[in-house]
Amino acid sequence: MHDAYEATLMLKLGVQIESMTAYDDYLLIGTREGHLLMYNVAFGGNDSKGNENKNPSLYRYSKNFSKKRIVQIAVVPEYNLLLLLTDNIVCIHDLNSTNLNQIGQLQKTRGATLFALDIQRHENIAGEVNTVVTLCVAVKRKLQLYYWKEKKKTFEEFFGVEVAVTDMPRELSVPDIPRELAWCGETLVLGFRGFSYTLMDFQGKAKELFPTGKSPEPSITKLSDNSFVLGKDSQSVIMDTNGELIQHNPVKWSDLPSALAWDDPYLLGIVHDTLEVYTLESCMHIQTIPDLNKARLICRCKQGKVYVASMSQVWCISATDFAQQIRILLEQSQFQLALKLTNLSDLSEEEKAKKTYKIQTLYAHHLFRNKNFREAMQQFLKLGTDPYEVIRLFPDLVSQPSNANEPNEPEPNLPKLQDRDLESGLLALIDYLTEVRYKLINDSQAKEKDANGKIKGKVTAQGDKLKNITPVATEQLLKIIDTTLLKCYLQTNDALVAPLLRLNHCHLAEAEKTLLQHQKYPELIILYQTKGQHKKALELLEKQSKENDSSLKGTERTIQYLQHLGKDHMELILKFAGWVLEQDPGEGLRIFMEDVQEVEHLPRPKVLDYLLRCHKDLVITYLEHVVHVWEDNNPLFHNVLVHQYKEKCLAALTPSVTPAEKENVQHIRQKLQQFLEKSQHYTPETVLRDFPFDCLYEERAIILGRLGRHQQAVSIYINLLNDVPKAIQYCNNVYARYQNQSQADKNKQQDGNEEVYVTLIRQLLRPDDREGCASELMLMDPSSTTQRTAQPDLETALELLEEHAAKIEPQKALDVLPDSVPIGRIRHFLEASLQNNINEKRRMQVLKGLLYAEHLQVQEQRMHYESQSVLMTEFNICPVCKKRFGNQSAFARYPNGDIVHFSCQIRKM
């Protein structure tokens with residue numbers, strides 16, 4: 001409680017006060033005898049003794065104003081009109097006249113018992129204030145409504161306007177005579193004696209609320225255009241114009257109040273000889289002003305000034321100094337009330353903003369000390385408080401300064417949080433920091449886009465301390481926030497640590513220290529990775545891989561880490577891949593051949609060189625993946641793969657090779673042969689230079705064939721391998737490749753692919769003829785070439801002639817056949833050759849005829865176009881420029897026949 005008001009006895013009258021009203025600096029009193037008194041209550045000046053003058057002066061007085069008592073008074077200050085109810089009729093008087101002369105009476109209101117006046121002031125775009133006056137008069141069981149919003153000069157124009165021109169009906173019927181009546185916007189609030197309260201709109205639609213209670217007299221006090229207070233026994237219920245409770249807790253008076261007045265933020269009520277003051281939101285009793293003898297009337301003049309009257313006395317209830325009230329309220333932790341008083345004070349807008357911010361900050365700290373953590377954090381967020389100031393409320397989360405000259409003292413009087421309280425506080429802090437972090441990042445991105453000219457006009461929604469923050473300060477603040485969030489997550493929900501670290505701004509040293517204390521090694525790896533500390537991360541992974549109870553045991557996590565480093569960290573990858581390949585070669589090779597973007601873009605020559613130097617057994621597996629899966633056409637990889645296959649095959653020729661190893665080598669040799677046949681990207685000259693002469697004959701033959709040295713290749717099949725079927729198959733493959741080539745490629749090659757069958761027949765018929773291949777055979781085995789020479793095989797040669805007659809040129813075949821071969825043996829070959837030549841000749845003749853026919857068509861078309869002519873005369877006009885063609889004019893003709901100047905053709909297009 002505190003003294004919100006002070007009471008001053010202002011008037012003692014010798015007449016009985018019946019009604020009163022006040023506006024600006026004037027107080028109007030109506031008496032039971034019909035007198036009307038108007039006082040100027042503006043205090044000021046000094047009396048003869050030098051004291052401040054607080055006595056009101058009588059401004060107007062009309063002793064014979066009315067023959068009857070003045071029941072009710074109301075004023076329309078904008079038009080200097082006085083409305084009063086006397087002798088059961090509403091009368092209108094002029095406030096400007098000396099004797100408050102009567103302008104007229106509302107004759108239709110005769111028999112009235114009550115009226116309610118509502119004045120609405122609206123400012124238009126031009127800054128002019130329009131006043132709308134609405135009057136409701138209770139005449140028995142009828143409500144008469146008057147509406148006026150234009151500035152008229154005469155009373156007749158003011159209240160004589162027929163209501164038919166408005167949206168408001170003339171009269172409304174009610175079930176009983178109202179004893180209380182009030183306007184709330186476009187809603188009438190009615191109170192009936194011993195009955196109930198009712199809401200009614202302009203169309204007469206009524207909604208009954210609740211009974212008046214034990215007291216038969218109703219009580220209605222308007223709060224705003226959409227809220228009001230209704231009395232029920234010793235309670236005051238706050239409601240809105242929809243008939244709904246605004247708050248469930250009513251104001252509870254010490255006894256039944258006889259009259260109420262609303263002076264924001266206080267509700268004042270006369271209870272017996274005292275004036276009680278309450279607030280609405282918390283229904284808190286503020287003050288009781290005693291010694292108001294027989295007070296029964298109360299009216300509000302303006303903010304902070306209320307008048308209370310008994311039968312013959314008037315008290316002025318003035319609000320005490322707001323600054324003093326606010327100071328007392330803050331001491332009592334009544335922050336919401338202090339905020340309201342601050343908004344109602346006469347401070348400048350800037351001072352109000354500063355004062356409001358200070359009170360709200362004190363309120364947030366008060367909530368925190370009372371362990372209302374979530375409400376406190378919401379308040380901090382609304383204020384835009386510096387996040388570091390909020391974090392300091394949790395001393396254990398604040399990093400100790402490294403410099404002794406920078407003390408980090410915690411806030412005083414902080415509650416010691418433990419167990420459930422600590423968890424609740426940390427969870428509320430997490431929500432707060434997460435929201436601030438989100439806003440900071442968004443504001444930073446918006447400023448970046450604004451700087452780049454992409455968007456403009458972006459304004460931060462954070463408080464004053466976070467507006468216009470520099471990028472450097474933003475980064476520092478994000479470091480503090482993320483580091484604190486990390487500590488909070490470790491104490492509340494460590495499952496959120498990893499998601500935070502994947503996109504964090506944490507302080508590296510502090511976060512590293514915290515994670516090590518909690519032994520969160522997987523999360524520490526993420527921190528190192530996001531901060532670019534890859535060497536630290538890989539060293540930790542290597543160390544933890546040997547710990548039996550570690551979640552990082554083994555090589556998998558290291559493999560994944562190395563896979564995503566990328567080519568910029570190639571040296572680091574090769575350095576730490578060693579122990580992984582030694583411990584688990586099969587899995588470790590995934591570092592270089594997984595289907596991951598970073599892995600695919602690694603420099604493959606460097607990887608190959610590393611494997612050749614340190615892990616030679618893995619080279620073939622790696623190269624097979626590069627060549628067959630990634631389809632790399634670099635000759636380097638194809639050549640090295642051939643070389644590795646060859647080395648594996650040569651190693652199997654040693655006497656110490658086991659049967660299982662021999663079987664494996666046989667499989668490798670098959671892959672070598674298939675690769676030599678299918679691959680188009682190895683370099684035959686280079687590969688052949690390193691091949692041995694005493695073994696791997698078939699592989700050598702394949703390479704020689706790729707070089708176009710078919711005679712040597714066929715000689716190997718016939719003389720060294722003594723395998724005629726393979727020689728025939730070799731010739732079939734060569735001829736098939738030759739046929740699939742384009743004519744241009746055939747012309748480029750001079751390797752005799754089309755004569756491969758002739759070469760084979762020559763070798764079959766003359767195995768001792770070593771021209772062109774003797775040097776090759778001598779290099780292979782110079783000591784035993786004569787023993788390896790095969791016998792002439794005429795039958796096989798003749799079979800080849802018959803089977804491939806269409807593929808062999810007759811003249812060359814006849815040149816290699818012995819003269820002793822009967823003509824009948826080669827009859828089929830000759831017939832097939834002749835038929836093939838005849839078919840080729842006929843094909844050429846048909847092709848020649850088609851080409852000649854096409855030539856005739858082209859000539860005919862040329863003659864047709866050349867036969868067309870254009871007649872140009874002096875009457876021809878260009879359709880573009882509308883000018884005639886001169887003798888020297890160049891022109892252009894379009895396919896549709898239009899003729900234009902040559903310079904006009906672009907314009908026409």
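Position 1 is the first residue of the sequence, and the numbers go up from there.
Judged by distance alone, the side chains of E6 and T320 never bring a donor and an acceptor atom under 3.5 Å apart. Side-chain N/O atoms of Q334 and Q332 include no donor and acceptor closer than 3.5 Å. In this model, no donor atom of one side chain and acceptor atom of the other lie less than 3.5 Å apart for Y61 and N99. For the 3.5 Å distance criterion, the side chains of Q287 and H2 fail to qualify, holding no donor opposite an acceptor. Side chains of H93 and N101: no donor on one and acceptor on the other come within 3.5 Å. Side chains of T86 and S66: a donor-acceptor N/O pair is present below 3.5 angstrom, by distance only. Side-chain atoms of S345 and K352 form no donor-acceptor pair, as typed in the model, at a separation below 3.5 Å. Side-chain contact check for D225 and Q120: at least one donor-acceptor pair (N or O, by modelled atom type) lies under 3.5 Å. No side-chain donor-acceptor contact under 3.5 Å links T134 and W183.
Between the CG atom of L9 and the SG atom of C316 there is a distance of 10.5 Å, given to the nearest 0.5 Å. One distance of note links OG1 of T113 with CG of L85; it measures 7.5 Å at 0.5 Å rounding. Taking CD of E244 as the start and OG of S227 as the end, the distance is 14.0 Å to the nearest 0.5 Å. Here the CZ-CG distance, from F65 to L37, works out to 11.0 Å after rounding to the nearest 0.5 Å. Remark: I73 CD1 to M38 CE distance equals 10.5 Å, nearest 0.5 Å. Here the straight-line distance linking atom CG of L82 with atom CG of L36 works out to 6.0 Å at 0.5 Å rounding.
Here the shortest heavy-atom pairing between I246 and D240 reads CG1-N, 3.8 Å. The minimum heavy-atom distance linking S310 with N293 is given by the pair CB-O, 3.3 Å. Across V306 and A261, no two heavy atoms sit closer than the pair CG1-CB, 4.5 Å. Between V251 and T279 the shortest heavy-atom distance is CG2-O, 4.1 Å. In plain terms, the two heavy atoms of L209 and G243 that are nearest each other are CD2-CA, 3.8 Å. When all heavy atoms are compared, the tightest approach of L13 to I29 is CD1-CD1, 4.0 Å.
Remark: the backbone N or O of M200 is not paired with any side-chain donor or acceptor of K207 at under 3.5 angstrom. At least one donor-acceptor pair under 3.5 Å links the side chain of Q247 to the backbone N or O of N249. Here the side chain of R60 pairs a donor or acceptor atom with the backbone of S97 at under 3.5 angstrom. Of the possible donor and acceptor atoms, one in the side chain of D201 sits under 3.5 Å from a partner among the backbone N and O of Q203. Counting only distance, with no hydrogens or angles, the side chain of Q144 and the backbone of K108 share a donor-acceptor pair below 3.5 Å.
With sequence neighbours left out, F210 forms a ring pair (Phe, Tyr, Trp, His ring centres under 6.0 Å) with Y197. Scored by the ring pair (Phe, Tyr, Trp, His ring centres under 6.0 Å) test, Y39 finds no partners at all (sequence neighbours excluded).
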> Would K354 and E350 count as a salt bridge (Lys or Arg N to Asp or Glu O under 4.0 Å) if you check the C-alpha gap in whole Å, the side-chain angles of each, and the deciding distance to 0.1 Å?
Replying inline: CA-CA 6 Å; K354 291 180 180 179; E350 183 179 356; 3.7 Å; yes

> Which is it for S236 and W253 under the side chain to side chain donor-acceptor pair (under 3.5 Å) test, yes or no, and what are the steps along the way?
Replying inline: CA-CA 8 Å; S236 292; W253 307 90; 2.8 Å; yes

>> For E281 and K340: C-alpha separation, side-chain torsions, deciding distance, then whether salt bridge (Lys or Arg N to Asp or Glu O under 4.0 Å) applies.
In response: CA-CA 11 Å; E281 288 188 358; K340 283 195 172 184; 3.1 Å; yes

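Residues L260 and I298 are not in side-chain contact: their nearest non-hydrogen atoms beyond the backbone lie 4.5 Å or more apart. Between L143 and V137, the closest side-chain pair of non-hydrogen atoms is not below 4.5 Å.
In this structure, F335 and Y363 have tilted ring planes: the angle between them lies in the 30° to 60° band. Ring planes of H285 and Y278: tilted class, angle from 30 to 60°. Relative orientation of the F195 and F192 rings is perpendicular, given thresholds of 30° and 60° on the angle between their planes.
Between F380 and H365, the distance separating the two ring centers is shorter than 6.0 angstrom.
Under the 4.0 Å criterion applied to side-chain N and carboxylate O atoms, D176 and R179 are not assigned as salt-bridge partners. The pair D118-K222 counts as a salt bridge, with a side-chain nitrogen and a carboxylate oxygen less than 4.0 angstrom apart.
Among R300, K305, K302, the single residue meeting the side chain to side chain donor-acceptor pair (under 3.5 Å) criterion with D263 is R300.
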